[in-house]
Amino acid sequence: MAYPIALFRQLFEIATDVKDNKIEKAFFEADLLDILPQIDSMYEAVPAQYIPDGSNFAGLEKVICYYAFARYLQIADQNSTSTGMKIQTYGGSIVVPDTSKVKRFEAERGKADLFIKPLICQMKADGFIKACTVLNPRIGLIK
């Protein structure tokens, strides 16, 4: 089972000239850094019944697309050059970080976090997940 790149392109209207390797990188990171810590299993190892949407949860196929899109937003339109990361524009390139990207990343990541909760509850109820604690590594307490 491969990552659902076609669904990803359909959901988020990703341009056809965006190479699959950038999208695959986003999926790989989403799988290891977002999916694995929360359900204690990678996308490939999840039973087929949880991949499509269920009656009371969004399927893992759609959830991983949302996590991958959030990860894709971090790398989109950036190119590694000899002088560092740059964003290409019509008149050249700029090094200034784009803060709107961070806001979009957080918004999309927040959606994905909300979509995975019902799926985790269903997996726990079915016994696929034995001891589940939904991890959100973005939240920390400062003392």
Side-chain angles (χ1 to χ4, degrees), residues 1-81 83-126 128-142:
M1 177 180 358
Y3 293 125
I5 293 176
L7 178 62
F8 179 84
R9 287 185 183 277
Q10 177 188 351
L11 283 173
F12 302 107
E13 298 178 6
I14 302 298
T16 54
D17 63 341
V18 173
K19 295 178 182 169
D20 281 351
N21 64 342
K22 281 191 174 185
I23 296 172
E24 286 173 6
K25 178 185 178 205
F27 270 107
F28 179 72
E29 289 178 3
D31 202 4
L32 281 176
L33 303 174
D34 299 316
I35 300 295
L36 180 62
Q38 295 192 73
I39 64 173
D40 207 22
S41 181
M42 290 182 67
Y43 180 76
E44 292 278 330
V46 172
Q49 68 196 49
Y50 302 114
I51 300 299
D53 293 346
S55 59
N56 59 345
F57 62 88
L60 188 59
E61 182 177 52
K62 197 170 282 178
V63 171
I64 198 171
C65 283
Y66 274 86
Y67 278 119
F69 184 61
R71 298 271 171 196
Y72 171 76
L73 287 176
Q74 291 180 313
I75 61 170
D77 300 330
Q78 295 179 4
N79 296 312
S80 178
T81 68
T83 58
M85 293 298 286
K86 302 210 175 168
I87 299 171
Q88 189 66 36
T89 63
Y90 289 107
S93 59
I94 55 174
V95 183
V96 181
D98 185 359
T99 57
S100 64
K101 272 187 167 186
V102 174
K103 291 176 186 174
R104 284 191 65 201
F105 165 75
E106 288 296 329
E108 293 300 326
R109 175 79 190 266
K111 286 183 211 175
D113 287 342
L114 292 173
F115 289 149
I116 200 169
K117 286 182 182 182
L119 177 62
I120 289 173
C121 290
Q122 184 65 49
M123 290 174 142
K124 191 174 180 183
D126 292 346
F128 178 72
I129 298 176
K130 304 294 184 234
C132 175
T133 9
V134 176
L135 298 174
N136 191 341
R138 298 178 302 136
I139 297 174
L141 299 174
I142 300 173

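Heavy-atom basis, side chains included; hydrogens, waters and symmetry copies ignored.
A donor-acceptor contact shorter than 3.5 Å links the side chain of Gln38 to the backbone of Asp34.
In this view, Glu29 and Lys25 satisfy the salt bridge (Lys or Arg N to Asp or Glu O under 4.0 Å) rule, not counting sequence neighbours. Residues that satisfy the salt bridge (Lys or Arg N to Asp or Glu O under 4.0 Å) test with Asp53, not counting sequence neighbours, are Lys62. Contacts of Asn21 classified as side-chain hydrogen bond (donor to acceptor under 3.5 Å, both in side chains), with partners at least two apart in sequence or in another chain: none. Taking the side-chain contact (heavy atoms from CB on, under 4.5 Å) definition, one finds that Ala26 meets it with Ala68, Arg71, Tyr72, sequence neighbours left out. Phe69 is linked by a ring-ring contact (aromatic ring centres under 6.0 Å, His included) to Phe12, counting only residues two or more places apart in sequence or in another chain. Under the side-chain contact (heavy atoms from CB on, under 4.5 Å) criterion, Pro118 pairs with Phe57, sequence neighbours left out. Legend: residues meeting ring-ring contact (aromatic ring centres under 6.0 Å, His included) with Phe115, ordered by chain and number and at least two apart, are Tyr66.
The minimum heavy-atom distance linking Phe128 with Val46 is given by the pair CZ-CA, 4.2 Å. The two residues Ala48 and Pro52 make their nearest non-hydrogen contact at O-CD, 3.1 Å. Here the shortest heavy-atom pairing between Cys65 and Leu11 reads CB-CD1, 3.9 Å. Closest approach of Asp113 to Lys117, counting heavy atoms only: O-CG, 3.5 Å.
Residue pairs meeting the side chain to side chain donor-acceptor pair (under 3.5 Å) criterion with at least one partner in residues 5-19, sequence neighbours excluded, are Arg9-Asp20.
Taking 4.0 Å as the cut-off between side-chain N and carboxylate O, Glu106 and Arg109 do not count as a salt-bridged pair.
To the nearest 0.5 Å, atoms CD (Glu24) and OH (Tyr3) are separated by 9.0 Å. Separation of atoms CD (Gln74) and CD (Glu108) is listed at 12.0 Å; rounding is to 0.5 Å. Between atom CE of residue Met42 and atom CG of residue Leu32 there is a gap of 4.0 Å, rounded to the nearest 0.5 Å. Within the model, atoms CD1 of Ile64 and CG of Leu7 stand 11.0 Å from one another, a figure rounded to the nearest 0.5 Å.
Aromatic pair Tyr43/Phe27: centroids not less than 6.0 angstrom apart.
Sparse packing is recorded around CZ of Phe28, with 12 or fewer heavy atoms of other residues, nucleotides or ligands lying under 6.0 Å away.
Counting only heavy atoms from C-beta outward, the side chains of Ile129 and Asp40 never approach each other to under 4.5 Å. Using a 4.5 Å heavy-atom threshold, the side chains of Leu60 and Ile39 count as touching.
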